[in-house]
Every structure is written in structure tokens, then in C-alpha cells.
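Below is one structure, written out as C-alpha cells; the observations come after it.
Note that these values count all heavy atoms, side chains included, but never hydrogens, waters or copies made by symmetry. Order of the sequence lines sets the chain letters (A, B, ...), proteins ahead of strands, with each chain counted from 1. Just so you know, these numbers come straight off a predicted model, no measurement behind them.
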Amino acid sequence: MSDDDNHSESITRYEGPGIEERHGIIPTWLAVVYTVMFVWMIWYTVVYWTDKG
Amino acid sequence: MSTTADTMFGDGRSTPRPYATATGELVDRELILKFMTAACFWLVFAPTVGAIVAIKFNYYDFLGHISWLTWGRLRPVHVMGVVFGGFSTAVIGLTYYIVPRLCGVPMYKEKWGHSIFWLWNVFLTIGFISLALGYNSGIEAGEFPLWVSIPVEIVLCMLVIQVVGTIKLRTEPRLYVTLWYLTAAYIWTAMNYAFGHFILPFSMPGVNNAAMHGLYIHYVVGLWITPAGLGVAYYFLPLAAKRPLYSHKLSLVGFWALAFFYPFVGTHHYIYSPIPYWTQTIAIVASMMLIIPVWTVVQNFYGTFVGAWSRFQESFPAKFIVIGALYYFVGCFQGSTEALREMQRLTHFTDFVIGHSHLTVFGTFVIWATAGMYWVTPRLAGRELYSKSCAQWHYWLTVVGFSIMAFDLTIQGLMQGTMLQAGADFVDSMAAMKPYWLVRTLAGITMDIGAALGFWNLYMTINHGEVIPIPAATPVNYLPEPKWS
């Protein structure tokens with residue numbers, strides 16, 4: 001079963017508006033973005049905390 | 001949806017009274033349609049003022065001999081008009097539709113809605129007249145004088161009570177992502193509006209005031225326009241796509257990343273200023289980290305539309321949501337990278353910044369609010385869209401005009417920044433911008449014509465659209481399914 005099949009299994013329905021939502025996944029490419037951004041945040045904060053110039 | 005056997009108008013549809021409010025209805029149709037009508041007006045008024053302001057860049061004498069039509073008076077009317085007039089009026093109206101339907105109960109203190117409608121619109125009108133007459137508190141995006149700010153603050157507090165009260169009384173056990181965003185937006189804004197209008201103009205002189213103003217103005221964008229617009233878009237996204245929302249998990253990441261990083265971005269307007277270097281660094285980092293919620297939201301939106309692209313042909317709300325998400329991606333990436341010191345050096349004091357603000361405020365959030373208006377208006381009016389071709393013109397003139405304007409402003413900003421970095425005289429750099437300003441004005445007028453057609457069309461839909469036949473025994477909260485929304 002593929003990732004898509006798995007994550008479509010769990011669907012919540014909101015009766016009032018008739019909206020449905022999947023429990024869903026965090027795609028791999030986004031997880032990579034989160035990691036890269038987190039590392040960049042630490043690096044930039046440390047390096048540019050004060051104006052060394 | 002309610003399963004009660006009451007008919008919508010209690011008369012078996014013998015008489016078409018398309019927006020009469022029946023006892024027991026979840027939403028107040030008449031109130032919401034009044035808000036939609038007012039939003040239609042403000043969404044034509046404020047961009048038109050923007051077009052007049054744009055013309056003055058090329059023809060600086062244009063309407064310049066009448067004090068209340070000068071650039072300095074009209075520019076705040078345009079900014080406050082788009083933010084509080086057009087966008088906010090639409091969002092408040094849509095809130096009265098969305099919150100009760102997600103909570104399964106009518107709006108808490110429902111009767112307040114009509115007082116809020118009149119207070120909001122009357123004092124907005126007084127506010128714009130005051131700004132044109134030169135009464136301005138001097139805080140950008142917080143420019144209304146006290147006699148307008150106080151009633152506006154009261155309205156915001158009433159809305160907080162209504163939204164939170166409705167959520168407290170809800171029968172639906174789960175809170176959909178839209179409710180997180182709307183609740184947060186109203187609470188944050190009730191606090192931020194007080195900060196910008198009652199504290200900032202009267203305290204904290206000098207650089208501290210500038211730093212705090214950076215926070216205020218970005219809270220207007222990031223803690224009002226963004227969460228309110230996202231709340232609206234998340235509601236209509238799965239409905240317009242006729243597909244389940246792609247990922248609840250991504251909704252969580254997007255919301256909390258916005259809530260965590262946005263409060264720190266304000267100082268990025270003051271890079272290289274006397275404000276402490278480390279606070280500038282925090283603002284830059286927070287701005288860049290907004291890539292996380294933005295890309296998360298975009299994935300969630302387009303992920304929802306996968307397999308439902310045909311809806312783009314069939315539904316105007318779907319069209320506006322899809323194009324809004326594209327502008328969101330572009331505009332927010334521009335905003336994040338613009339905060340970096342090297343990019344600030346290049347783009348500060350140029351129209352690159354104006355391109356960014358238009359891409360986000362108009363291109364994204366006004367367009368998403370427009371999607372909501374296209375969804376709600378025909379359904380609550382019980383009528384088909386008055387003119388499909390007007391709606392098509394609205395969409396395409398907006399897309400073409402706005403895309404040209406945003407691209408033009410971005411390129412123009414980079415050109416001017418490059419000239420200044422190369423040592424060009426500032427006045428020479430301004431003279432070189434004239435052709436770009438002309439393109440901006442023409443593109444802006446194009447999208448304004450689209451807006452005028454579209455919002456006139458929505459107004460006409462309420463009163464003159466073809467009545468949608470409704471079966472005799474429909475539930476009390478039955479909504480018809482119009483053809484193009």
C-alpha cells in the first residue's frame with residue numbers, strides 16, 4: 001500500500017459544512033525543508049548575533 | 001447539516017424570498033448578505049483610490065490642487081481601505097457564515113451582528129473622511145483617529161466574544177483548522193489594534209516607537225490578514241475542490257509555525273537602523289522561518305486539488321483559491337528573502353517592497369476572501385450568479401492586471417536598488433522609474449475594472465440573479481448548489 005493510500009484511510013468529516021479532511025502526512029520534501037531551515041536558523045542566529053564589522 | 005424537516009422559508013417555496021431569515025436557521029442570511037454588499041463596495045472603493053494614487057506618480061499635478069485629494073491624504077485611505085474596508089468587511093461577513101456552520105450552533109449573541117455591521121461600516125466611512133480631511137494618528141496601517149479607533153476596537157472585542165462564545169457552545173466536537181485561525185486572528189487583532197491606536201501614538205518616542213511600529217504593522221499583516229485569510233481559505237478549499245483537505249497534520253504545522261515565528265518579524269523593516277543588531281537578526285531569522293508555514297500551506301492547498309483540477313474550470317471559488325495560493329507562495333518567499341541584510345540593502349526604499357505587500361495583501365488574502373464571497377453570496381441569496389461572463393472578466397482581468405503589476409513593481413525595485421548601489425543620484429533613479437510607474441498604473445486600472453465588474457456582479461446576484469429552484473421539503477439550513485460556485 002502506498003503512502004497516499006495509507007493517509008487517505010483516516011478521514012474526518014465535519015457535518016455542519018460537509019468538509020472532510022485527511023489525517024494526512026508530512027511529505028518527505030517538506031520534512032527536508034523543515035530540517036534545512038532549522039539548521040540555517042541556528043547557524044544564522046549564532047553567526048549574526050552581533051555586528052562584528 | 002441539520003436534518004430537521006422544516007422548510008427554509010416555512011412556506012414550501014411557494015413564494016421566492018431568497019434571503020429571508022427563517023427561525024431556526026444556523027446563519028443569519030440577511031446579515032451576511034449585508035456584509036457581502038458592503039464588502040463589494042469597499043473592494044471597489046479602496047483599489048480605485050489606489051489607482052488614483054498610482055496616477056499621481058506619473059502626473060504629479062493630477063487632482064493635486066484639492067488638499068483632500070493629495071497623495072498624502074489618499075494613500076492612507078487606500079491602505080486602510082483595503083485592509084479594514086475591503087478585506088476585513090468580507091472576512092467579518094464570512095465569519096458569520098463559517099463559525100456557526102463549523103460549530104453547529106448559531107452565532108453567540110447573534111443579535112449583535114446587525115449592530116456590528118452598522119458600527120463597522122459607519123465608522124469606517126467616518127474614518128476615511130477623517131483621513132481625507134487630514135486627521136491621521138501617524139501610525140502606518142493604524143491611521144484612524146481616536147473617534148474612529150474606539151468604536152472599531154469595541155467591534156473587534158464584540159467579535160472576539162461572539163467567536164469564542166460560539167466555539168464554547170459548539171456541538172461539533174472537533175475544531176476544524178479554520179476555527180483555530182479565525183479565533184487567533186480576532187484575539188490577536190483586538191490586542192494589536194489597541195496597541196497601534198491607543199498606545200503607540202501616545203508613548204514611546206523615537207527609535208523605540210519605530211521598532212514597536214514595525215511590530216504593529218506586521219501584526220496587522222501577520223496576525224490579522226494572514227490568519228483570517230487562511231481561515232477563510234481553509235474553509236472553502238475542500239468545498240471548492242470537492243475533495244478532503246490534504247492533511248490535518250500540515251494544518252497543525254502551518255498554524256503553530258505562523259503563531260511561533262510571526263510575532264518576531266516586525267523589526268525586519270529596520271535593518272541597519274539604530275535598533276540593536278541582535279533584534280534585527282531575530283527578525284531576519286523569523287522572517288526566513290516563515291518559509292515553513294507558507295510552503296506547508298501551499299502543499300496542503302495544492303495537495304487538496306490533486307485529482308480535482310477540473311473544478312478550476314467549473315467553480316469561481318476554486319479559481320480564486322488556486323491563484324491566491326500561487327501569489328501566496330511567490331509573495332511570501334519574496335517577503336522572507338527580502339528581510340536578509342543583503343536583500344534589504346538592495347530593495348529598501350524601492351517599489352520591490354510595494355510589490356511584495358500587494359502580492360500578499362491583495363494577491364493572496366483579498367483574492368481568498370473573494371473566493372469566499374463567490375461561494376457564499378449565491379447560496380445565501382438562493383440565486384445563480386447574475387452573470388458568468390462578468391465573473392470570468394473579474395477573474396482574468398485580476399490575474400492579468402495584478403500579475404503585470406506585481407512583476408513590474410518587483411523588477412522596478414531591483415532596478416532602482418541596483419542603480420542606487422552603483423552610486424546613481426536618487427532623483428535620477430526616480431526619473432528612471434517613470435515607465436515602470438506607468439505600467440503599474442495601467443495594470444492596476446485593469447485589475448480595478450475587473451474588481452468593479454466582479455463585485456457589481458455579486459451585488460446584482462443578491463437582488464437580480466436567477467432564483468434557484470429548491471425542492472419543497474428541504475431542511476431548515478438547506479443551501480442550494482449554484483452552477484458556477
For this session: Give, as side chain, backbone, both or neither, the part of I26(A) having an atom under 4.5 angstrom from any heavy atom of chain B.
Result: both
Exercise. In terms of heavy-atom proximity below 4.5 Å to chain A, should Y272(B) be classed as side chain, backbone, both, or neither?
Worked result: neither
For this session: Tell me yes or no: between the side chains of E21(A) and Y14(A), is some donor less than 3.5 Å from an acceptor?
Result: yes
Exercise. Given that the side chain runs from C-beta out, which part of L290(B) has a heavy atom under 4.5 Å from chain A: side chain, backbone, both or neither?
Worked result: neither
Exercise. Checking heavy atoms, do the side chain of Y235(B), its backbone, both or neither come under 4.5 Å from chain A?
Worked result: both
Exercise. What part of T296(B) is in contact with chain A, defined as an atom under 4.5 angstrom from a non-hydrogen atom: side chain, backbone, both or neither?
Worked result: both
Exercise. Between the side chain of Y176(B) and the main-chain N/O of Y234(B), is any donor-acceptor distance below 3.5 Å?
Worked result: yes
Exercise. Does Q334(B) offer a backbone N or O that forms a donor-acceptor pair with the side chain of T337(B) under 3.5 Å?
Worked result: yes
Exercise. With a 3.5 Å cut-off and no angle check, do the side chains of R341(B) and T281(B) form a donor-acceptor pair?
Worked result: yes
For this session: Inspect the contact between E15(A) and R13(A) and indicate whether a charged nitrogen and a carboxylate oxygen are less than 4.0 angstrom apart.
Result: yes
Problem set entry | Contact leader toward chain A among L250(B), I291(B), I98(B), L237(B), where contacts are heavy-atom pairs under 4.5 Å | L250(B)
